[in-house]
Amino acid sequence: MNSLDFTRLRKRFELQSPKSRINIVLFSVEDGNVILFSKNSQEDHMSFLKSNNPIGNVGEFFSNKNNLYVSIGKHKMTGIESNYPIAMRTDTMRAMKSLYINLKRFNKSEIVFEDCQLVEDAIFGLITTSYKYDFLKKSNEEEYSFFLNAPKYTKTMEIAHHQNIARFLGDTPANLMTPRLFVEYARKIFEGSSNVEIHEYKKDFMEEKGMNLLLSVNQGSVEEPRLLQIRYSGKKQDSTDISMVGKGVCFDSGGISIKPSPNMYRMKGDMMGAATLLCSLKLAVIMNLNSNIVLTIPLVENMPSGTATKPGDVFKSMSGITVEVDNTDAEGRLILADALTLAQQDNPSYLIDAATLTGAITISLGSVYAGFFTEDDELANEIQRCGVESNDLFWRMPLSSFYRDAMKSQVADINNMGGRGAGSCKAAEFLKEFVDTKKTKWVHFDIAGMIDDNYIPEIYGEGMTGKPVRGFINLIEKLTVKKE
Ligand code: BES
Ligand code: ZN
Ligand code: ZN
């Protein structure tokens with residue numbers, strides 16, 4: 001099969017030579033009163049809407065010749081325009097899903113939004129709710145396409161489109177998204193980008209560097225591992241500002257510690273740490289950020305076979321620390337450990353990793369929040385703020401030497417497992433073992449909960465959400481500005 005044309009995802013918003021235009025006006029209803037989100041021509045809109053007696057349910061809509069009025073639900077106004085509550089912003093995205101479905105009927109080919117504070121969420125919602133993974137069906141019905149005319153909001157549009165690309169990478173089945181193919185897609189995503197270097201390393205490089213933890217995870221697979229490094233030089237100095245590491249397990253069967261069959265297919269998305277950071281880096285390039293950023297992605301398949309790692313096997317990491325692999329399903333921390341060691345060779349100011357690391361984070365936080373771990377309080381506050389701003393929520397989790405104590409090994413320096421309880425914290429503590437937190441500000445994101453099974457299924461539907469691309473690029477941007 002040829003590689004899949006994911007660029008089709010955004011084409012439906014970029015119709016050439018549109019013929020008829022429609023203006024989208026958002027409204028809400030509070031205690032029976034209509035509230036308009038619009039900066040001009042309030043009176044006309046208001047009298048039209050009132051004559052229709054709107055109830056205000058999410059997605060309720062009315063239209064006249066030039067306007068389409070969409071309700072974002074019944075909400076209490078806080079009065080602070082720049083600080084709308086998350087529930088209201090999420091409802092705005094929900095409303096966009098029904099708008100997208102209804103737009104077809106109006107037969108208009110150019111969409112403009114009446115300017116207001118919620119437009120960013122609306123545009124973001126319109127693009128992300130329209131996502132559909134139908135690349136592998138014999139006939140995929142022709143999608144309704146139009147021109148989304150919002151020149152003030154190109155950044156938001158790019159973020160939404162790139163979140164959709166991240167979803168595409170995770171939704172594509174593992175036989176079509178092997179480590180080798182992931183690199184091919186990454187090349188396509190960065191095609192034509194300037195100030196970007198792409199390095200693709202193979203097994204011999206990993207052997208030379210002593211990345212035995214990384215190699216150990218892939219040794220049961222017939223696919224070859226890859227190590228992808230993408231360097232973006234956004235400024236002249238050659239110091240590295242941000243080094244990022246994304247977990248790229250293209251399929252996680254669990255290995256010899258094999259996972260149960262029900263839902264095992266979901267593990268085709270065990271590379272979403274890699275995918276979300278890859279798309280966030282592309283956004284940093286598009287935004288031309290004044291920053292030097294390196295992204296390191298270890299790409300493997302975790303499979304059982306005669307050559308696979310056996311529970312109890314010991315490997316020496318690139319850093320020299322030896323690891324007993326008690327459970328071959330705790331593979332993410334192994335590939336990240338070696339990748340983090342490599343990433344620190346650039347002496348980055350910030351070290352950020354993202355991974356679908358533990359099922360336990362879903363037990364703690366569900367799909368609503370991603371967990372993050374850092375020793376740096378200032379960075380933690382920044383992350384929390386970025387999350388709220390981007391509607392990708394982040395919750396700080398604890399690091400503690402007590403968790404480290406649980407991972408003692410009889411035969412090696414550390415065990416990759418630590419018994420029952422606090423699975424996400426132990427995984428984070430394991431990673432910390434490989435990070436020099438005195439030299440770099442490190443944060444680990446465990447995004448396993450929010451990649452799918454979303455708390456707002458009406459928005460993201462089945463499959464991957466692509467979260468938290470919006471939060472990540474916001475953080476990268478904030479850290480860049482901070483350093484300037
Ligand atoms: N890839 C999984 C974590 C995961 C679970 C991601 C559900 C997305 C959805 C990870 O490699 C894993 O299997 N972790 C184990 C660790 C355990 C063996 C210590 C887990 O969470 O059970
Ligand atoms: Zn696993
Ligand atoms: Zn995994």
Side-chain angles (χ1 to χ4, degrees), residues 166-167 169-171 174 177 179 182 213-214 216-218 220-221 225 245-276 297-304 308-309 311-313 323-337 339 353-371 397 403-404 406-407 409 414-431 444-455 462-468:
R167 297 162 84 175
L169 295 171
D171 280 333
M177 193 57 69
F182 186 99
L213 298 183
L214 170 50
S216 79
V217 174
N218 201 77
S221 170
V245 177
K247 173 177 171 182
V249 176
C250 293
F251 191 74
D252 181 11
S253 70
I256 295 298
S257 315
I258 198 161
K259 288 180 183 292
S261 320
N263 289 321
M264 198 205 269
Y265 79 95
R266 286 176 65 205
M267 287 302 118
K268 67 180 176 176
D270 208 19
M271 29 53 75
M272 283 312 286
T276 50
I297 301 181
L299 290 156
V300 296
E301 262 187 359
N302 186 21
M303 298 293 283
T309 299
D313 285 359
V323 179
E324 179 182 358
V325 180
D326 206 354
N327 190 317
T328 63
D329 197 10
E331 85 298 340
R333 63 197 75 182
L334 300 177
I335 67 169
L336 289 177
D353 79 71
T356 48
L357 204 58
T358 65
I361 201 72
T362 319
I363 308 296
S364 313
L365 303 172
S367 57
V368 182
Y369 284 81
M397 302 280 289
Y403 300 130
R404 171 65 184 85
M407 290 181 290
S409 162
I414 191 168
N415 198 315
N416 79 331
M417 276 265 304
R420 270 178 67 84
S424 312
C425 306
K426 285 171 188 162
E429 201 61 36
F430 181 94
L431 297 180
H444 155 59
F445 287 92
D446 194 337
I447 63 167
M450 63 163 53
I451 59 159
D452 59 5
D453 184 23
N454 202 263
Y455 75 108
E462 289 291 308
M464 298 297 145
T465 62
K467 278 162 86 75

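Ligands are counted one by one from 1 in listed order, and the atoms in each one are counted from 1 as well.
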Is there a polar contact between ligand 1 and [X], counting only N or O atoms under 3.5 Å apart?
X: Asp252; value: yes
X: Gly332; value: no
X: Arg266; value: no
X: Asp329; value: yes

Review point. For atom 9 (C) of ligand 1, which protein heavy atom lies nearest, and how many Å away is it?
Key: Met267 CE, 3.4 Å
Practice item. Look at atom 21 (O) of ligand 1 and say which protein heavy atom is nearest, naming residue and atom and giving the distance to 0.1 Å. Key: Gly359 N, 2.7 Å
Practice item. Please name the atom of Asp270, restricted to N, O or S, that is closest to the Zn ion (ligand 3). Key: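 It is OD2 of Asp270.
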Study note, to complete from the structure: For Asp252, the N, O or S atom at the shortest distance from the Zn ion (ligand 3) is OD2
Exercise for review: Give the minimum heavy-atom separation between Thr276 and Lys467, together with the two atoms involved.
Suggested key: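 Closest heavy-atom pair between Thr276 and Lys467: CG2-O, 3.6 Å.
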Practice item. Could you pull out the closest heavy-atom pair between Ala355 and Leu336, with the gap in Å? Key: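 Heavy atoms of Ala355 and Leu336 come nearest at CB-CD1, 3.7 Å.
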**Study point:** Sub-4.5 Å side-chain heavy-atom contact between Glu301 and Val249
**Key:**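 Contact flag for Glu301/Val249 side chains = no.
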Check your understanding: Does some side-chain heavy atom of Tyr369 sit less than 4.5 Å from a side-chain heavy atom of Met450?
Key ->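 The answer is no, as the side chains (C-beta and beyond) never meet within the 4.5 Å cut-off.
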Point to revise | Ser424 versus Thr358, side-chain donor and acceptor atoms under 3.5 Å | key: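 Distance-only check passes for Thr358 and Ser424.
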Check your understanding: Between the side chains of Asp252 and Asn302, does any donor sit under 3.5 Å from an acceptor?
Key ->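 On atom types as modelled, these side chains qualify, holding a pair under 3.5 Å.
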Review point. Quick check: does Lys247 have an N/O/S atom under 2.8 Å of the Zn ion (ligand 3)?
Key: yes
Tell me if a side-chain donor or acceptor on [X] pairs with a main-chain N or O of [Y] at a distance below 3.5 Å.
X: Lys268; Y: Ala174; answer: no
X: Thr328; Y: Thr309; answer: no
X: Asp446; Y: Leu357; answer: yes

**Study point:** Residue of the set Ile414, Val323, Val217, Asn416 for which side chain to side chain contact (heavy atoms under 4.5 Å, CB included) holds with Arg333
**Key:** Asn416
Review point. What do we get for Arg333 next to ligand 1 when only non-hydrogen atoms under 4.0 Å count, side chain, backbone, both or neither?
Key: side chain
Exercise for review: Could you tell me whether Met417 approaches ligand 1 through its side chain, its backbone, both or neither, with non-hydrogen atoms closer than 4.0 Å?
Suggested key: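 Near ligand 1, Met417 shows its side chain, while the N, CA, C and O stay back.
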Check your understanding: What distance do Ser367 atom OG and Ile447 atom CD1 have between them, rounded to the nearest 0.5 Å?
Key -> 12.5 Å
Pull out every atom of ligand 1 sitting under 4.0 Å from any heavy atom of [X], numbered as shown with elements.
X: Lys247; answer: 1 (N), 10 (C), 11 (O)
X: Ala448; answer: 6 (C), 8 (C)
X: Thr356; answer: 1 (N), 2 (C), 3 (C), 6 (C)
X: Lys259; answer: 2 (C), 12 (C), 13 (O)
X: Glu331; answer: 11 (O)
X: Asn327; answer: 18 (C)
X: Asp270; answer: 1 (N)

Check your understanding: Any salt bridge between Glu331 and Lys247, counting N to O under 4.0 Å?
Key ->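 Yes, Glu331 and Lys247 are salt-bridged.
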Practice item. Could you pull out the atom name of the N/O/S atom in Glu331 that is nearest the Zn ion (ligand 2)? Key: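 Within Glu331, restricted to N, O or S, the Zn ion (ligand 2) is closest to atom OE1.
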**Study point:** Asp453, Ile363, Leu357: member with heavy atom nearest to atom 10 (C) of ligand 1
**Key:**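 Comparing heavy atoms across Asp453, Ile363, Leu357, the nearest one to atom 10 (C) of ligand 1 lies in Leu357.
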